[in-house]
Every structure is written in structure tokens, then in C-alpha cells.
Amino acid sequence: AQTVTQSQPEMSVQEAETVTLSCTYDTSESNYYLFWYKQPPSRQMILVIRQEAYKQQNATENRFSVNFQKAAKSFSLKISDSQLGDTAMYFCAFMKPQAGTALIFGKGTTLSVSS
Amino acid sequence: GAVVSQHPSWVICKSGTSVKIECRSLDFQATTMFWYRQFPKQSLMLMATSNEGSKATYEQGVEKDKFLINHASLTLSTLTVTSAHPEDSSFYICSAHPGTGTNYGYTFGSGTRLTVV
């Protein structure tokens with residue numbers, strides 16, 4: 001069975017600073033997908049970034065980038081130039097490539113951005 | 001694109017009554033939808049996988065007779081909480097996969113806050 005671990009329950013950062021959220025996972029699959037989702041106070045789940053395991057290049061989306069280390073089964077999220085609107089709970093998620101399989105979530109990291 | 005609409009956003013019901021939550025994929029067909037439950041400041045817990053035209057698959061520990069799931073069409077799945085009690089109060093979220101490539105992330109509804117009094 002796959003597991004996703006987020007070891008930082010809470011983090012805080014000042015505006016304009018950079019913060020890195022950690023995520024590790026365990027799987028015996030060779031091909032899979034990894035995601036970071038953001039859940040702001042509205043509780044709407046928002047896809048931040050996704051990574052395909054067979055791609056060595058780390059995914060980037062504007063201020064968001066990941067450090068994907070497949071051998072170490074690590075998938076951290078870096079947020080650059082943090083903004084107040086980045087305040088949210090962040091979930092790391094794993095997905096097998098087969099159709100109809102659910103996302104497996106970590107416990108989440110609550111990020112607070114202050115001015 | 002890839003929008004999932006969930007209604008109602010919040011509902012208050014009396015103990016012993018039933019509540020139905022709808023999850024619709026607005027611009028794509030979803031053979032499979034997922035229902036999650038989330039307690040405050042916790043992660044999403046998968047309750048069941050809803051399959052169009054067939055019975056839902058429930059996760060271990062989830063009472064199938066209490067949480068009835070119907071997926072009658074490719075765009076609609078419903079979750080009915082039967083004989084609700086205060087311990088059923090929670091935030092319920094549905095999600096679906098647009099199917100436009102397996103690397104595309106799942107899309108989530110906006111959630112339903114259920115309060116049983």
C-alpha cells in the first residue's frame with residue numbers, strides 16, 4: 001500500500017520569503033503521479049503543481065516548484081516570494097496511473113504567511 | 001474546464017433525518033467519482049469510490065448503509081447520509097478525474113459542511 005508523509009504540521013513565513021514544504025512517500029510502483037494541493041480557508045481544493053514520476057525534470061508553476069527525488073521518494077514544494085494569499089493548508093498526494101484510482105493524501109501542512 | 005459542482009455548500013439537519021449531497025461534473029464525463037470526509041485541520045479521508053452504473057466501493061470502516069452513494073449518470077453522483085446523527089457532522093468533498101490524460105490532477109467540488117443538531 002502507498003503512504004504519504006508530511007512531517008511539518010505547521011509552518012510560518014514572512015511575505016516575499018521562500019519556504020519549502022516536505023513530503024515523502026512509499027510505493028513499490030515504478031510509474032505514478034505526485035501532486036501538491038492547496039486548501040485555503042474557503043476549503044476549496046486547488047491543484048498547485050503535479051509531477052510525473054517518469055520525468056526527471058522538476059515541475060515548476062510560476063512561484064511554485066518541486067524537488068523530486070525518486071530514489072529517495074521525496075517530493076518537496078518550494079514557494080518563492082511568498083504572498084499572503086498563499087496562506088492555506090497544503091496537501092501532498094500520490095496517484096497510481098490506473099484509471100479510477102483515488103488520490104492518497106498526506107496529513108497536510110498548515111502554512112501561514114505574515115506581513 | 002474540468003469543473004465539479006457540489007451542492008449544497010452547507011446544510012443543517014435534525015438528528016434522525018437524511019441529507020442528500022450532489023456532485024456534478026459540469027464539462028466532462030466522470031465514470032468514477034470519489035467522496036471524502038474531512039474534519040477540521042485534518043486531511044481528506046476517502047470514504048468511497050462511486051462508479052457509474054454500478055455499486056460504490058466503500059473504504060474499510062465506512063458504513064455503506066449510512067452513507068448511500070448513487071452514480072446514475074456520467075455527470076452526477078449523490079451521497080445520502082441516512083439517519084444522520086451529530087457525529088456525522090463534518091465537511092464532505094467530492095472529486096472526479098477529467099480523464100484527459102492520467103497525469104491530470106483530480107478536480108474537487110467546493111465541499112458541503114454538514115451540521116447535525
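Side-chain atoms are counted along with the backbone in the values below, which use heavy atoms only and exclude waters and symmetry mates. Below, read A as the first sequence line, B as the second, and so on, with proteins coming before strands; counting in each chain starts at 1.
Distance alone, capped at 3.5 Å, is enough to place a donor-acceptor pair between the S43(B) side chain and the G106(A) backbone.
Contact annotation: the side chain of Y106(B) never approaches that of F35(A) to less than 4.5 Å [non-hydrogen atoms, C-beta and beyond]. Y36(B) places a side-chain heavy atom less than 4.5 Å from the side chain of L103(A).
S110(B) touches chain A through backbone and side chain together, each having a heavy atom under 4.5 Å away. For T32(B), the part lying under 4.5 angstrom from a heavy atom of chain A is the side chain only. Neither the backbone nor the side chain of Q51(A) comes within less than 4.5 Å of any heavy atom in chain B. Proximity to chain A is absent for every atom of Q6(B), based on heavy atoms less than 4.5 angstrom apart.
Note that the OG1 atom of T112(B) and the CZ atom of R43(A) stand 11.0 Å from one another [nearest 0.5 Å]. Rounding to the nearest 0.5 angstrom, the gap separating the CD atom in Q39(A) from the CD atom in Q38(B) is 4.0 Å.
Ranked by heavy-atom pairs shorter than 4.5 Å toward chain B, the options G108(A), A102(A), A93(A) are led by A102(A). The candidate with the highest count of non-hydrogen atom pairs below 4.5 Å against chain B, out of Q44(A), M89(A), K107(A), is Q44(A).
In this structure, K20(B) places its NZ atom where only 12 or fewer heavy-atom neighbours from other residues, nucleotides or ligands lie under 6.0 Å away. Atom CD of Q56(A) has 12 or fewer heavy atoms from other residues, nucleotides or ligands within 6.0 Å. Around the NZ atom of K55(B), the shell of radius 6.0 Å holds no more than 12 heavy atoms that belong to other residues, nucleotides or ligands. By the 6.0 Å contact criterion, NZ on K70(A) is enclosed, its count of non-hydrogen atoms from other residues, nucleotides or ligands being greater than 12. In the displayed structure, Q57(A) atom CD is contacted under 6.0 Å by at most 12 heavy atoms of other residues, nucleotides or ligands.
Under the 4.5 Å side-chain heavy-atom criterion for ILVMFWY residues, no single connected hydrophobic cluster contains both F105(A) and F75(A). Connection of V66(A) to V19(A) is established within a shared hydrophobic cluster, with ILVMFWY side chains joined at heavy-atom distances below 4.5 Å, either directly or through further cluster members. Using a 4.5 Å cut-off between side-chain heavy atoms of Ile, Leu, Val, Met, Phe, Trp and Tyr, with links allowed through other members, M33(B) and I104(A) fall into different hydrophobic clusters.
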